Amino acid sequence: MSASLSRPRVGVWLIGARGSVATTVVTGCAAITAGLHPPTGMVTETSAFTGSGLPALSDLVFGGHDTLDCPLPKRAETLTAGGVLPPGVATAVAAELAAADREIRPGGPTPGDTRSEAELITAFADDIRDFARRHELQRTVVVNVASTEPTSAGPGAPLPASTLYALAALRAGCSYVNFTPSEGMHHPVAAAEAERSGLPYAGRDGKTGQTLLRAVLGPMFAQRALNVRAWSGTNLLGGGDGAALADPAAAAAKNAGKERVLADTLGTVPEGEVHIDDVPALGDWKTAWDHIAFDGFLGTRMILQTIWQGCDSALAAPLVLDLARLTARAHETGLTGPLTELGFYFKDPVGEGPASLAEQYAVLVGLGARLRRVGGDPDALGAATRGEAPGGGAGRREPDEEHAPRDADPREPAAGERP
């Protein structure tokens, strides 16, 4: 995955870097770069983003944090045995997997870790800075693809690990993407720091399967003036996500995004719940079933049922690559704050934007066109960030002269510390 040193390279720092999604991301990027497979599922590889200035896949350099110690090549072997990765691909890109694995640093906090929150944030930020320095990276995007956490207990409670990593990303001057339902940048402490930093960020909770379908079907019912009486669902999944979501608190965080899509597209939340069941034997494969009860003309009662069977890692990986490229380019062109234009990819997107997939796609394509027009022209950039070009994000600020947050003032609490 090495690129010519004459071309600027971009780092992708993965939180949960030895998990199934991260392993599939690294393997897939290397396989596409080598011409072994087409970029199926990558929206940024379609004609809508030609000339938008996105970093090439061959110019992405991977590293990350994880609390696991299973090497990426071994993890890729396991995913191949489970049918997630095609036979032979992990072997063909073994050198790229090993190179990414050498860039993975211990995460935390782990049991028995005595470091304070401020010390953890500093250590994580130092790891990211060292990665960027050694590889002479133009910029780095931090992407959270770790397992879902329960919602934090509230003010005064310890910061969740996802928020520690988000604060470390800001401290290191990096843009940030939360592909999980975990709090990350949504925690009030991190949200305030993000506002001060002027760095671009996006999230949360990647829209890969059941909710992707809901974002299409919800607007259909609303536009056809059909009354949805109840919408229930069940998810069967295994792997790390299945184990994590067996915790009711983690499952509640996951389901909140699914409910938001219905509320935003239907104008109300119909009766019914989503149940998530951990089935370890399924591994990285999942089945999502929806049962939709609705009224038609003259109150005729009808039902629509859908079944979605897919591989979570294979669904998520192309989206993670898209998001890393788009966020890096947004940072390069001076866009700041919440990247509402990336709502297409998320169940619970930051900022205000449309909820239907078709409208979200139109906004995303508008971003691609705007990035293409901006190029390297500072005047065009200023017009775009002021919203003078179509497709602008809500609440976009003028680009700051310096996007990386300044070093902490010793008179003020460090990021993550309570005043």
Side-chain angles (χ1 to χ4, degrees), residues 1 9-33 42 55 57 59-76 79 84-85 93 96-108 123-125 127-132 134-135 137 139-149 161-170 172 174-182 184-185 201-206 208 239-241 244 284 312-328 331 345:
M1 210 174 301
R9 298 191 295 173
V10 170
V12 181
W13 189 264
L14 300 166
I15 308 304
R18 289 194 170 111
S20 296
V21 172
T23 306
T24 307
V25 166
V26 176
T27 304
C29 187
I32 295 167
T33 298
M42 289 192 64
L57 292 174
D59 291 334
L60 300 182
V61 183
F62 294 95
H65 281 116
D66 208 321
T67 56
L68 303 177
D69 57 8
C70 178
L72 282 180
K74 183 66 176 177
R75 182 68 170 171
L79 293 178
V84 177
L85 299 177
V93 300
E96 287 86 346
L97 286 167
D101 192 70
R102 289 193 293 271
E103 298 299 336
I104 298 175
R105 300 294 177 262
F124 297 156
D127 288 338
I128 300 169
R129 287 194 187 107
D130 178 64
F131 170 70
R134 287 184 293 101
H135 291 281
L137 302 176
R139 59 187 40 81
T140 300
V141 182
V142 176
V143 186
N144 182 14
V145 290
S147 295
T148 301
E149 298 172 334
S162 62
T163 299
L164 299 178
Y165 288 121
L167 289 165
L170 298 176
C174 298
S175 53
Y176 173 83
V177 176
N178 187 4
F179 200 74
T180 80
S182 302
M185 205 75 79
Y201 60 93
R204 69 180 165 170
D205 199 3
T208 57
D241 239 13
D284 280 271
D312 215 26
S313 300
L315 289 166
L319 309 189
V320 171
L321 289 170
D322 276 354
L323 286 162
R325 300 173 80 195
L326 288 162
T327 306
H331 192 185
Y345 293 100

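Model, not experiment: these values are computed from the prediction.
- Side-chain contact between Tyr165 and Val142: absent, with no pair of heavy atoms (C-beta onward) separated by less than 4.5 Å.
- Checking side-chain atoms of Arg105 against main-chain N and O of Asp127 turns up no donor-acceptor pair under 3.5 Å.
- Between the side chains of Ser313 and Asp284, at least one donor N or O lies within less than 3.5 Å of an accepting N or O.
- With contacts defined as side-chain heavy-atom distances shorter than 4.5 Å, the pair Arg75/Ser20 qualifies.
- Considering only residues two or more places apart in sequence or on other chains, Asp322 meets the side-chain contact (heavy atoms from CB on, under 4.5 Å) condition with Met42, Val43, Thr44, Tyr345.
- Between Val26 and Leu14 there is a side-chain heavy-atom pair separated by less than 4.5 Å.
- For the pair Val25 and Val12, the minimum side-chain heavy-atom distance is 4.5 Å or more.
- A distance-only check finds no donor-acceptor pair linking the side chain of Arg204 to the backbone of Gly184 [under 3.5 Å].
- Partners of Pro71 under the side-chain contact (heavy atoms from CB on, under 4.5 Å) rule, at least two apart in sequence or in another chain, are Pro73, Lys74, Asp101.
- Proximity of a side-chain donor or acceptor of Asp312 to a complementary backbone N or O of Ala316 within less than 3.5 Å is not detected.
- With contacts defined as side-chain heavy-atom distances shorter than 4.5 Å, the pair Leu167/Phe124 does not qualify.
- His65 contributes atom NE2, which lies 5.0 Å from atom CH2 of Trp13 (distance to the nearest 0.5 angstrom).
- The two residues Arg325 and Leu57 come nearest to each other via the heavy atoms CD-CD2, 3.9 Å.
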